[in-house]
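A short write-up of the structure that comes next.
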Amino acid sequence: QVQLVESGGGSVQAGGSLRLSCAASGVTYSWNYMGWFRQAPGKEREGVATIYTGSASTYYADSVKGRFTISQDTAKNTLYLQMNSLRPEDTAMYYCAARSGPLYGGSEFNPVAFRYWGQGTQVTVSS
């Protein structure tokens, strides 16, 4: 059974840091891409960062470039998101997601392209 479990969320002040983790289990060897998405109240889910598991190539949304870092520990089947210089607008529920197969241009941040999802972890940044 495929399972993604996020942890590491919490409340921080602006400028602070958090590290999210996503523990994966199940048919993980078939996953080509993993990513972090977020959804704020009243807004659509948006892609934050994606990693191609084969080469560890990474992709970032413009809003988080230079502040967030996605990484993976294949031995532990764990995905991470290091978030620095957090801003109030980063407040959202953060989700881990995975998919098998290739991604085509522009779809690295498309939630519809990802099949497997975790339950999310809340991140709240106060000013």
Side-chain angles (χ1 to χ4, degrees):
Q1 181 178 353
V2 172
Q3 194 171 21
L4 295 169
V5 180
E6 302 95 335
S7 62
S11 297
V12 296
Q13 289 191 327
S17 298
L18 283 173
R19 188 195 196 202
L20 306 184
S21 299
C22 172
S25 61
V27 191
T28 61
Y29 62 84
S30 70
W31 295 346
N32 299 102
Y33 289 87
M34 294 190 73
W36 288 98
F37 293 76
R38 67 187 181 187
Q39 188 167 18
K43 294 189 176 181
E44 293 187 351
R45 190 168 298 190
E46 63 175 358
V48 174
T50 303
I51 188 167
Y52 175 57
T53 59
S55 66
S57 297
T58 56
Y59 309 86
Y60 295 96
D62 288 343
S63 59
V64 305
K65 272 180 188 174
R67 301 189 298 123
F68 291 10
T69 302
I70 187 172
S71 62
Q72 60 180 358
D73 185 331
T74 54
K76 295 182 178 179
N77 279 344
T78 302
L79 183 72
Y80 301 101
L81 184 68
Q82 177 66 43
M83 305 186 295
N84 298 328
S85 301
L86 282 162
R87 305 167 180 169
E89 54 263 39
D90 295 318
T91 295
M93 184 72 79
Y94 282 71
Y95 299 90
C96 172
R99 66 161 281 128
S100 301
L103 278 175
Y104 300 101
S107 59
E108 294 88 357
F109 304 121
N110 185 351
V112 175
F114 287 76
R115 177 178 180 183
Y116 304 102
W117 291 86
Q119 294 300 306
T121 185
Q122 178 67 39
V123 172
T124 302
V125 185
S126 58
S127 57

Heavy atoms only: give me the nearest [X]-[Y] pair and the separation to one decimal.
X	Y	value
Leu4	Ala24	CD2-CB, 3.6 Å
Ala92	Gln122	O-NE2, 3.4 Å
Met34	Thr53	CG-CG2, 4.0 Å
Ser127	Ala14	CA-CB, 4.3 Å
Arg87	Val125	O-CB, 3.2 Å
Val12	Ser17	CG1-O, 3.9 Å

For atom CD of Gln119, decide whether the heavy atoms of other residues, nucleotides or ligands shown that lie under 6.0 angstrom number more than 12. no
Could you state whether Val5 and Ile51 fall into the same hydrophobic cluster, counting links through intermediate Ile, Leu, Val, Met, Phe, Trp or Tyr residues with side-chain heavy atoms under 4.5 angstrom apart? no
Shared hydrophobic cluster, Tyr80 / Leu18 (ILVMFWY, side-chain heavy atoms < 4.5 Å): no
Check whether Ser100 reaches the backbone of Asn32 with its side chain - one donor and one acceptor, N or O, closer than 3.5 Å. no
Ignoring hydrogens and angles, tell me if any N or O in the side chain of Glu6 forms a donor-acceptor pair with the backbone of Cys96 under 3.5 Å.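 Yes; at least one donor-acceptor contact below 3.5 Å.
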Is Phe114 isolated, or which residues cluster with it under the ILVMFWY side-chain rule of less than 4.5 Å, directly or via members? Tyr33, Phe37, Tyr52, Tyr59, Met93, Tyr95, Leu103, Phe109, Trp117
Would you please test Leu79 and Trp31 for side chain to side chain contact (heavy atoms under 4.5 Å, CB included) and show each step? CA-CA 12 Å; Leu79 183 72; Trp31 295 346; over 6 Å; no
Return the set of residues passing salt bridge (charged side-chain N to carboxylate O under 4.0 Å, His left out) with [X] (not counting sequence neighbours), or none when no residue passes.
X	answer
Asp62	Lys65
Arg67	Asp90
Lys43	none
Glu46	Arg38

Calculate, to the nearest 0.5 Å, the distance between atoms [atom1] and [atom2] belonging to [X] and [Y] respectively.
X	Y	atom1	atom2	answer
Gln82	Arg19	CD	CZ	6.5 Å
Leu20	Trp36	CG	CH2	4.5 Å
Arg99	Asn110	CZ	CG	9.5 Å

Please identify each residue that fulfils ring pair (Phe, Tyr, Trp, His ring centres under 6.0 Å) with Phe68, with sequence neighbours left out. none
